[in-house]
Visitor: 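One structure coming up, written as C-alpha cells, with questions to follow.
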Amino acid sequence: MNKIMKIYKTLLSQFGSQHWWPVTEKGKFHPEYSNGPQNEKQKLEVIFGAILTQNTNWNNVEKAIVRLNKHDLIDGKKILNIDDKKLAEIIIPSGYHNQKAKKLKNFCEFLLKKYDWDLSLLFKNNIYELRKQLIDINGIGPETADSIILYAAKQPIFVVDAYTKRVFDRIGFKEKTYDELQELFNKNLAKSEKLFNEYHALLVELGKSICKKVPLCEKCPINNHCNYYRKEVA
DNA sequence: TACCAGGTCCTCG
DNA sequence: CGAGGACATGGT
C-alpha cells in the first residue's frame with residue numbers, strides 16, 4: 001500500500017467516519033446522521049455552504065445557513081430577488097458578508113441563465129467541464145468548485161484546502177500548488193467519491209485538532225510518516 | 001488582546 | 001506566474 005493510502009487508513013481508524021457534508025433538516029444541523037445532501041434543496045445548501053465557508057470557521061457558516069433557512073432562502077429564485085443589503089445582513093455571521101452575498105447571487109444567476117435552475121442538468125456535465133464552468137463564476141475558485149463537485153454533485157475529485165497543504169508540506173511532500181497536490185491524490189488513490197469525501201474530511205479534522213499552526217505532534221496519529229515531527233524529535 | 005478560521009479577487013512587479 | 005492586500009465575523 002502506498003503512503004497516501006496508509007495515511008488515510010490511519011486517520012479513518014483514529015477519527016472515524018466524518019459524515020460529510022453536514023446539511024440542515026428542519027432548521028437544524030444533524031452532522032452525526034448526515035451523509036450528505038439527499039435532495040435538490042440540500043444540494044443547493046451544500047453549494048451555498050461551500051461558498052460561505054471560504055476562509056471561515058464552519059461554526060460561523062452554520063449560523064449563516066440556519067439564518068438562510070429561517071428566511072426560506074435556500075432557493076435560487078429568492079436569492080436573486082432579495083436585496084443585496086438584506087442578503088448580506090442575513091449572512092453576517094459567515095464573515096465577508098458583502099462579498100459572499102454577491103457570490104451567492106453570481107452562482108444563482110449562472111444556474112438560471114445556463115441551466116434554467118436545473119441542478120441535475122448542471123451536474124450531468126463531465127467533471128472537467130463542470131469544474132471549468134464553476135471556476136468561471138466570479139467568487140468560485142478551484143477549492144470551492146471542487147467542493148461543489150465532490151460534496152454536492154458527488155463526483156470524484158479531490159478537494160485541496162489549507163489543511164491539506166499544511167499537512168502534506170509538513171509530512172515532506174514536494175507538491176506545493178493546488179494542481180500538484182490534487183494530482184498527487186489522483187495518482188495514488190482509486191477514483192472514488194466516497195474515498196475522496198472521507199479523506200478530505202479527515203484531513204480537516206486532523207488540521208483542526210492536531211496539525212494546527214502550532215502542531216501537537218506528540219498526539220498525531222500519523223507522526224511516524226512526518227518529516228516535521230522527526231525533525232523535532234531528532 | 002491578538003490570532004485564527006474548510007479562499008478568492010485584484011493589482012503590481 | 002507569485003506576492004501582497006482587501007474582505008469581516010465569532011471563538012479562544
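Chain naming here is simple, since letters A, B, ... match the order of the sequence lines and numbering starts at 1 in each. Heavy atoms only: backbone and side chains are in, while hydrogens, waters and symmetry mates are out.
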Visitor: Provide, to the nearest angstrom, the distance between the CD1 atom belonging to A:Ile91 and the P atom belonging to C:dA8.
Guide: 9 Å
Visitor: Any sub-3.5 Å donor-acceptor pair from A:Glu129's side-chain atoms to A:Asn126's backbone N or O?
Guide: no
Visitor: Atom CD of A:Gln54 to atom P of B:dG7: distance rounded to whole Å?
Guide: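 Computing the A:Gln54:CD to B:dG7:P distance gives 8 Å.
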Visitor: Using only side-chain N and O atoms of A:Arg166, determine if any of them is under 4.0 Å from OP1 or OP2 of B:dC4.
Guide: no
Visitor: In whole angstrom, what separates A:Tyr178's OH from B:dT8's C1'?
Guide: 13 Å
Visitor: Just to be sure I understand the rule, does A:Glu143 reach a base, reach only the sugar-phosphate, or reach nothing, if contact means heavy atoms closer than 4.0 Å?
Guide: sugar-phosphate
Visitor: Give the minimum heavy-atom separation between A:Asp72 and A:Lys78, together with the two atoms involved.
Guide: OD2-NZ, 2.6 Å
Visitor: What contact category does A:Ile140 fall into here, base, sugar-phosphate, or nothing, at under 4.0 angstrom with non-hydrogen atoms?
Guide: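 Since only primed, P, OP1 and OP2 atoms lie under 4.0 Å of A:Ile140, the category is sugar-phosphate.
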Visitor: B:dT1 and C:dA8: how far apart are their P atoms, nearest whole angstrom?
Guide: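 It comes out at 22 Å once rounded to the nearest Å.
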Visitor: For nucleotides 9-12 of chain C, tabulate all protein N/O to nucleotide N/O atom pairs closer than 3.5 Å, reporting atom names and distance.
Guide:
{"from": "C:dT9", "atom 1": "O2", "to": "A:Asn60", "atom 2": "ND2", "distance (Å)": "3.0"}
{"from": "C:dG10", "atom 1": "O4'", "to": "A:Asn60", "atom 2": "OD1", "distance (Å)": "3.2"}
{"from": "C:dG10", "atom 1": "O4'", "to": "A:Asn60", "atom 2": "ND2", "distance (Å)": "3.0"}
{"from": "C:dG11", "atom 1": "OP1", "to": "A:Lys63", "atom 2": "NZ", "distance (Å)": "3.3"}

Visitor: Which is true for A:Ile137 with a 4.0 Å heavy-atom rule: it touches a base, it touches only sugar-phosphate, or it touches nothing?
Guide: sugar-phosphate
Visitor: Assuming nearest nucleotide by heavy-atom distance, tell me which of A:Gly139 and A:Ala50 is located more 5' along DNA chain B.
Guide: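 With A:Gly139 and A:Ala50 compared, the 5'-side residue is A:Ala50.
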Visitor: Taking atom NZ of A:Lys105 as the centre, report whether more than 12 heavy atoms of other residues, nucleotides or ligands fall under 6.0 Å from it.
Guide: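 Result for NZ/A:Lys105: enclosed.
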Visitor: For B:dT8 and C:dG10, measure between their P atoms and round to the nearest Å.
Guide: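 My reading of the P atoms in B:dT8 and C:dG10 gives 22 Å.
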Visitor: Could you tell me the separation between the NZ atom of A:Lys213 and the C1' atom of B:dA2, rounded to a whole number of Å?
Guide: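 The answer, rounded to whole Å, is 13 Å.
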Visitor: Atom CG of A:Leu104 to atom C1' of B:dG7: distance rounded to whole Å?
Guide: 14 Å
Visitor: So is A:Lys3 actually on top of A:Phe173's ring, under 6.0 Å and inside 45° of the axis?
Guide: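 Judged by the rule (NZ or CZ under 6.0 Å from the ring centre, within 45° of its axis), A:Lys3 counts as positioned above A:Phe173.
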Visitor: Separation of A:Asn98 atom CG from B:dC10 atom P, in whole Å?
Guide: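 Checked: the CG to P distance equals 16 Å.
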Visitor: Between atom NZ in A:Lys100 and atom P in B:dG7, what is the gap in whole Å?
Guide: 9 Å
Visitor: What integer distance in Å separates A:Lys103:NZ from C:dA8:C1'?
Guide: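 Going from NZ in A:Lys103 over to C1' in C:dA8 covers 12 Å.
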Visitor: Give a yes or no on this: more than 12 heavy atoms of other residues, nucleotides or ligands lie within 6.0 Å of atom NZ of A:Lys176.
Guide: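 For A:Lys176, atom NZ is crowded (more than 12 foreign heavy atoms under 6.0 Å).
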Visitor: Below 4.0 angstrom from OP1 or OP2 of B:dA5, is there any side-chain N or O of A:Thr53?
Guide: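 The answer is no; no side-chain N or O of A:Thr53 sits under 4.0 Å from OP1 or OP2.
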Visitor: For the pair A:Trp58 and A:Phe29, name the ring-plane relationship: parallel under 30°, tilted 30 to 60°, perpendicular over 60°.
Guide: perpendicular
Visitor: For residues A:Tyr199 and A:Phe158, establish whether the separation of their ring centroids is below 6.0 Å.
Guide: yes
